[in-house]
Amino acid sequence: MPVERRPLERVRGTQDHQTRQATSMDAMRTKCETAFGLHGFRRVDVPVLEPAELHLRKSGLEIISKLYSFHDLGGRRICLRPELTASVVRAAIAQPSPRLPDKMFATGPVFRYERPSRGRFRQFMQTGVEVLGAEGVLADAEIIALAATTLDTIGITKYTVTIGNVGILGELLTHLGLTGRRRALLLESLEDARRHGIEAVRTRFASLDPDLIQPDESTQIRDGAVTAELSSTSQDALARLVAQTSAGDLGRRTLEDVTTRLAARMHADTARAAVDRALAFIDELGAVRGDPDTALDAARALLEAHGLDPKPLDQLSETITLLDAFGVRRERVQIDLGLSRGLQYYTGMVFEVDHEALGAEKQLCGGGRYDDLYRVLGGRQSVTAIGFAFGLERLVLAKEAETIDGTRDNVPDAVFVVPSTPGDAVIAARAATALRHIGVTAALDTSGRAARGAVAFASREGFAYLAMVSRDDPPETLRLRLLTPDGVPADDTISVPDGPIPITSSLEWLRANPASSSESTGLHRSTNRAETGTEARS
RNA sequence: GUGGCCGUAGCUCAAUGGCAGAGCACUGGAUUGUGGCUCCAGCGGUUGGGGGUUCAAAUCCCCUCGGUCACCCCA
């Protein structure tokens, strides 16, 4: 029978983490979580699988279009979570009674169907924090500062914090009476406007909602007559108007019929005017970016020109002052009022942290204020909230980019245990077990190779110690030998118990002479077999 | 999602349309104080996969899978 031997490939956009990478990810996670814990956050774990609806309710088109979703065997619509926030909030709502503020962090894999590239995967790790009961600028500032100081703790320095506020545009849209889908589309187009120009947005908008942008010839005919009366839109007024302007020319339609249609047109006209005004504002708002002082001045002028409340800008200013108090230097901070972010649940302050060495996928962190989400997901009260998430893979990339080549990791002591001959299996097993029993890492050579080859291997792989065991040695003894990367240590260089000694004393000796305290030993050879692939690639 | 580049031994990479190779790794041996260096020998390939053009394809064309860079978007 021929058997299919073709190797199976990974699912596109997923990764295998070999030892070094898995360890880096783990260490990165721990550093982040430790920093979160230091700020009084508690850990929560939430499922990878969620009802698709959780993410359909208010995540925004961008995320939804990339959602992994399917029907399970029970016919339920399930998705792999694309982010953590919605799950954490859902879990919080499910709890008996919230005591605010409730500060939580969560870590785990998330899934988005995107085209993979460096620093961007279909399955990746996020670690993020959420604060429920997060009122005002102090909450804003602390959460941004937490992101920044976590990076400081990790030792990542080349980052920039960019702060925006989607609430400003939101307020204008409310003023203009724009709601629902139009509101969502306009909020989404904030960032588009800057990148592609306001005309591109207008064009896109027209294709999605033709009534609003494109002038309609049939309405224009009557525009002149109607606009004068726009302020009073009562049916009576309309009826009078229609009767005056088109005396006896109504054809088969009733007067009521005509006025109703006209009212609808006028509504479309006011909406169109509102959209035009919103687009103009978006165009200008997107241009407000740069260092805090300059950007805030420009923003104040803009809001004043549009008759909007400057309060969000005062808050932004306060936030930046507070950031300084939290230890985030002003030079790191940029203002960008064109920052919109893909998740639609954001309602106010939004921010991102970028790293300069990461190219296209430079964003380390993103977050902001989402004061509506708690209710949207079924919470019975209104709860202000704020949060952010790091991409762990990107933190690792950023850290590596800043790490000078040749820096060595701290590694534990490790003993490579080699049976002298295949007949020494029993004694080798006993020795390895004895070492592990006192917490010493013992890797047993099970390759079956000749002993001399095993010794060369242990040396090359960077093991700290070699234990060659043989039945011929006296019982309860271990020949322990210190290995160094540079060759055989001369006897006078390092005092090693060379030769048969009692296991008990060799263990004591090991404890007293941890190899990791010596700069010249340890498991840090770059030729480590498991790592050659990833090393060469990066 | 758009455009470009790439895919050859376990790894890093060579090879005018003309015998698929090197270094490292791996296995064995020599030397060494059972030790990395050095030396000798060996193992190792459906050239990502499929189809086409050709006397002849790693090489040219098409499809596909994967990677990567710039956009886009985001963590």
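Per chain, numbering begins at 1; letters A, B, ... match sequence-line order. No hydrogens, no waters, no symmetry mates; every other heavy atom, side chains included, goes into these values.
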For atom [atom1], what is the distance between [N] and [M], given to the nearest Å?
{"N": "B/A15", "M": "B/C60", "atom1": "P", "value": "12 Å"}
{"N": "B/G45", "M": "B/U38", "atom1": "C1'", "value": "30 Å"}
{"N": "B/G23", "M": "B/G35", "atom1": "P", "value": "24 Å"}
{"N": "B/C11", "M": "B/G48", "atom1": "P", "value": "13 Å"}
{"N": "B/C13", "M": "B/U2", "atom1": "P", "value": "28 Å"}
{"N": "B/C62", "M": "B/U53", "atom1": "C1'", "value": "11 Å"}
{"N": "B/G51", "M": "B/A41", "atom1": "C1'", "value": "42 Å"}
{"N": "B/A14", "M": "B/U8", "atom1": "C1'", "value": "9 Å"}

Checking all strands, does [X] fall into the base, sugar-phosphate, or nothing category for heavy-atom contacts under 4.0 angstrom?
{"X": "A/Gly128", "result": "nothing"}
{"X": "A/Glu114", "result": "base"}
{"X": "A/Gly367", "result": "nothing"}

Hunt down the Watson-Crick or G-U wobble partner of [N], both distances under 3.5 Å, from any strand shown, or write none.
{"N": "B/A30", "result": "B/U38"}
{"N": "B/G17", "result": "none"}
{"N": "B/U2", "result": "B/A70"}
{"N": "B/A22", "result": "B/U12"}

Can you tell me which nucleotide in [options] comes closest to the side chain of [X]?
{"X": "A/Phe121", "options": "B/C69, B/C73, B/A75", "value": "B/A75"}
{"X": "A/Arg115", "options": "B/C73, B/A75, B/U68", "value": "B/U68"}
{"X": "A/Ala360", "options": "B/G67, B/C71, B/U34", "value": "B/C71"}
{"X": "A/Arg394", "options": "B/G66, B/C73, B/A75", "value": "B/A75"}

Does a donor on one side chain and an acceptor on the other come within less than 3.5 Å for [X] and [Y]?
{"X": "A/Glu130", "Y": "A/Thr85", "answer": "yes"}
{"X": "A/Glu356", "Y": "A/Thr160", "answer": "no"}
{"X": "A/Ser69", "Y": "A/Arg77", "answer": "yes"}
{"X": "A/Asp371", "Y": "A/Tyr346", "answer": "no"}

Check your understanding: Any salt bridge between A/Glu142 and A/Lys103, counting N to O under 4.0 Å?
Key ->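 Result for this pair is yes, salt bridge flagged.
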Distance check needed: [N] [atom2] versus [X] [atom1], whole Å only.
{"X": "A/Tyr345", "N": "B/C74", "atom1": "OH", "atom2": "C1'", "answer": "12 Å"}
{"X": "A/Lys362", "N": "B/C73", "atom1": "NZ", "atom2": "P", "answer": "12 Å"}
{"X": "A/Asp354", "N": "B/A75", "atom1": "CG", "atom2": "C1'", "answer": "11 Å"}
{"X": "A/Tyr113", "N": "B/C73", "atom1": "OH", "atom2": "C1'", "answer": "15 Å"}
{"X": "A/Tyr346", "N": "B/C74", "atom1": "OH", "atom2": "P", "answer": "10 Å"}
{"X": "A/Gln363", "N": "B/C73", "atom1": "CD", "atom2": "P", "answer": "12 Å"}
{"X": "A/Leu339", "N": "B/A75", "atom1": "CG", "atom2": "P", "answer": "10 Å"}
{"X": "A/Glu352", "N": "B/C74", "atom1": "CD", "atom2": "P", "answer": "8 Å"}

Check: Could one point to a donor on the side chain of A/Arg120 or the base of B/C73 with an acceptor on the other under 3.5 Å away?
Finding: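 When only heavy-atom distances are counted, A/Arg120 does reach the base of B/C73 through a donor-acceptor pair under 3.5 Å.
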Query raised in the report: Which one of A/Thr150, A/Leu151, A/Thr153 satisfies the side chain to side chain contact (heavy atoms under 4.5 Å, CB included) criterion with A/Cys32?
Result: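 That would be A/Thr150; it is the only one of A/Thr150, A/Leu151, A/Thr153 passing the side chain to side chain contact (heavy atoms under 4.5 Å, CB included) with A/Cys32.
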For A/Phe105, is the NZ or CZ atom of A/Arg42 found under 6.0 angstrom from the centre of its six-membered ring and inside 45 degrees of the ring axis?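 Relative to the ring axis of A/Phe105, which defines the angle, A/Arg42 lies outside at least one limit.
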message = Which is more 5' along RNA chain B, the nucleotide nearest A/Gly391 or the one nearest A/Val11? Just name the residue.
response =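 The residue whose closest nucleotide sits nearer the 5' end is A/Val11.
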State whether the aromatic ring of A/Phe124 stacks on the base of B/A75, taking stacking to mean ring centres under 5.5 Å apart and ring planes under 30° to each other.
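It does: the two rings, one from A/Phe124 and one from B/A75, meet the stacking criterion.
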